[in-house]
Amino acid sequence: MDSNSIPLSLDQEQAFKTVSMILERAGINFTTGKISNQIAENKTVHALIGRAGSGKTALLSSITEKMLKVGVEIISGDFEVNKNKNKRTLSVLAPTNKAANILRMRGVPATTIHRILYTPVYDPDYEKIVEWLIGERDEKPSIEGISEISLKRAWEFYSSNKSIPGALAAAGLKGSDFISGWKRREEPLDIGFIDESSMLDDDQLNDLKEIFSTLILFGDPAQLAPISQSGQMVFDKFSPDKKSILSQIHRQKSDNPILKLSNVLLDPEINFTDFEMLIKKISTEDDRIVWAQRVDVDLMSRSPVLVWRNATRIRLINAFRAVYNAPNDRLLEGEPLICDGLELPLKHRKKRIDLEARGLTKGANVIYLGPGKKTGFSRLFVVGSESPRLSAASIIKIELPNEGQPFIPFAAKMGAIFLHGSAVTIHKAQGSQWENVQVFAPDIYAAAQTNRVESDLPLWKRLAYVAITRAQEKLYWVIRSRLSKPKVSLSTSDLK
């Protein structure tokens, strides 16, 4: 590895060597720096798996950096050059926009799986601008309505920040100007790295195997499998020679109390009571772990309380709205939402793909900004999206305790469906991270009482593991079903 790279643990080094050998067979040699122009005919799938803190993301980042240095081209979803068919390419993908954004914040040019399954149809005039920016065209384009000053702004932006949407925005162009349509990908791709692959189901893996010649999955075996997978993750079925396992916690993260707790959960001897007592003890020694007597309502507007039971989620949502005196007939600006899918007919397929490309996919974290200009539309802020502000036809559902039908304060005939986002099930939280996370401990205790086991690990341990590893900085272990009083009113002033 490079001298300025973070030192790798022994199992990271071994995993790096294994992936390097796979890529060498595919025609990409890190040692000589040479790459073949021919994509490998034989398809390869390999899984690199490890617990939280074992360095999966650091390894993914290091390998991606190596790929770029030897001349492999990244397909990030911003813009795809189709002219040179001999170029070797890499796509770094994640199942959700939030997970992709976490990688982007760490310097890895990632996009969503969905975004790579569909390709944009570019406006030919504006495509010339992009080709000029990325060096595919020497001559500065001359386009009616685009001034020299606008082109200069685009050039200066792209020189310092390699973002095509950002450069076009600097020139005064919107994505809707540049992209005239969408289509299902027809051409196969070369190499794909898939982060958070524990969230994949068999159908998604088969789609990816059809598209990519070489596929490397990065995943955590201790997380929760998709509901459709009956407790089994896609890489559980791989033979041992198709998996590299990271078991050592990376030394840079060894003092993190959140990761210490996550590793304790893998001890078969520890029970729920012992684990809670350990949390209480650590909370007296480290302020990154909080033994909380009640839910902090101020945190709920930006990071949901994580629960197991749906009834708990509904109760907390209604308690949150009651604390802020939210009216029954509308939402307050700043209330959090979770996208639960898109209901659009086939004739609006382009609109569906456009919204999904901007991050409005199932599970996306969204903040309500107010009603839109059209009836049934909402102004929204999609957390983690490169272009977060948009307006969309919305169907917003707020479930009520002991009621069969949800309360709908705002609804179009069709559009994006939203649930309230102040409390979320741990299953839905996978792939997301927040600076502060509150875990509702009574639900974890209830799971422990069921004695359920998934893939040789008690369900309560999987739930606790996923929940606490969603926290980037601080973990709140909430032991009582109570809410604090808000210190500040709901606002959108923090959204940028």
Side-chain angles (χ1 to χ4, degrees), residues 96-102 104-106 157 161 163 165-166 169-170 172 174-175 287-288 290 292 294-306 316-339 355 358-361 363-374 376-394 396 398 409-410 415-416 418-424 429 432-438 470-476 478 483-496:
T96 66
N97 190 68
K98 190 72 180 285
N101 189 57
I102 290 170
R104 289 195 293 266
M105 289 190 295
R106 295 174 179 174
F157 184 96
N161 185 334
S163 168
K174 297 183 294 185
D287 61 6
R288 289 174 288 181
V290 179
R294 54 178 55 83
V295 175
D296 187 329
V297 73
D298 290 301
L299 292 176
M300 292 174 73
S301 63
R302 295 296 178 266
S303 54
V305 181
L306 302 186
L316 285 171
I317 288 170
N318 283 272
F320 171 87
R321 301 201 79 232
V323 163
Y324 284 107
N325 296 314
N328 291 332
D329 59 344
R330 62 184 177 88
L331 291 178
L332 298 176
E333 293 182 11
E335 286 198 66
L337 302 171
I338 297 288
C339 181
L355 288 173
R358 294 187 64 183
L360 201 57
T361 56
N365 301 122
V366 178
I367 307 299
Y368 178 75
L369 301 179
K373 293 181 179 179
K374 298 179 182 178
F377 276 64
S378 301
R379 290 184 292 111
L380 306 165
F381 185 99
V382 183
V383 178
S385 173
E386 290 186 351
S387 302
R389 294 177 184 270
L390 54 84
S391 179
S394 307
I396 298 172
I398 299 177
F410 202 78
F418 297 98
L419 303 176
H420 205 274
S422 56
V424 172
S432 297
Q433 281 190 309
W434 295 271
E435 184 176 338
N436 304 298
V437 164
Q438 301 183 84
R470 300 310 92 200
Q472 294 173 308
E473 300 293 336
K474 185 173 281 192
L475 170 70
Y476 294 76
V478 182
L483 252 66
S484 67
K485 293 182 179 180
K487 299 181 182 69
V488 295
S489 59
L490 281 175
S491 171
T492 61
S493 60
D494 60 310
L495 303 177
K496 298 178 182 180

Taking every heavy atom of Phe377 against every heavy atom of Ser391, the minimum-distance pair comes out as CD2-OG, 3.6 Å
Does any non-hydrogen side-chain atom of Leu331 lie less than 4.5 Å from one of Ile398? yes
Rounded to the nearest 0.5 Å, what separation is found between the CD1 atom of Ile396 and the NE2 atom of His420? 9.0 Å
Does the side chain of Leu299 come within less than 4.5 Å of Gln438's, by heavy atoms? yes
Taking everything shown except Glu435 itself, do over 12 heavy atoms lie less than 6.0 Å from its CD? no
Looking only at non-hydrogen atoms, find the nearest pair between Lys487 and Asp298 and report the distance. N-OD2, 2.9 Å
Can a salt bridge be assigned to the pair Asp494 and Arg302 using a cut-off of 4.0 Å between side-chain N and carboxylate O? yes
Hits for side chain to side chain donor-acceptor pair (under 3.5 Å) against Thr96, two or more places apart or cross-chain, chain-then-number order -> none
To check you understand the geometry: which heavy-atom pair defines the closest contact between Leu306 and Ala429, and what is its length? CD2-CB, 3.7 Å
Within this structure, what is the CD-CH2 distance for the pair Gln472 and Trp434, rounded to the nearest 0.5 Å? 10.0 Å
Any non-hydrogen side-chain atom of Glu335 less than 4.5 Å from a side-chain atom of Leu490? yes
Can you tell if the side chain of Ser378 reaches within under 4.5 Å of the side chain of Phe418, non-hydrogen atoms only? no
All salt bridge (charged side-chain N to carboxylate O under 4.0 Å, His left out) counterparts of Arg288, not counting sequence neighbours: Asp286
Taking the side chain as every heavy atom from C-beta outward, state whether Val290 and Leu475 have any atom pair closer than 4.5 Å. no
Would you check, one step at a time, whether the test side-chain contact (heavy atoms from CB on, under 4.5 Å) holds for Leu369 with Arg389? CA-CA 9 Å; Leu369 301 179; Arg389 294 177 184 270; 3.4 Å; yes
Please find the pair of heavy atoms, one from Leu316 and one from Ala423, that lie closest to each other, and give the distance. CB-CB, 4.0 Å
Considering only heavy atoms from C-beta outward, does the side chain of Tyr368 approach that of Ser394 to under 4.5 Å? no
Who are the side chain to side chain donor-acceptor pair (under 3.5 Å) partners of Thr492, not counting sequence neighbours? none
Residue of the set Pro486, Ser422, Pro336 for which side chain to side chain contact (heavy atoms under 4.5 Å, CB included) holds with Met300: Ser422
Got a second to check how far Lys474's NZ is from Asn436's CG, nearest 0.5 Å? 6.5 Å
Nearest atoms (heavy-atom pairs only) where Ala416 meets Leu360: CB-CD2, 3.9 Å
Main chain of Ser484, side chain of Arg294: is a donor-acceptor contact present, judged purely on distance under 3.5 Å? no
Pairwise side-chain contact, Asn365 with Ile338, heavy-atom cut-off 4.5 Å (strictly under): yes
4.5 Å side-chain heavy-atom contact, Leu390 and Phe381: no
Run the side-chain contact (heavy atoms from CB on, under 4.5 Å) test on Ile367 and Leu337 for me, step by step, so that the C-alpha distance in whole Å, both residues' side-chain angles and the decisive distance to 0.1 Å come before the verdict. CA-CA 6 Å; Ile367 307 299; Leu337 302 171; over 6 Å; no
Do you know which two heavy atoms are closest between Leu332 and Pro327, and how far apart they sit? CD2-CD, 3.7 Å
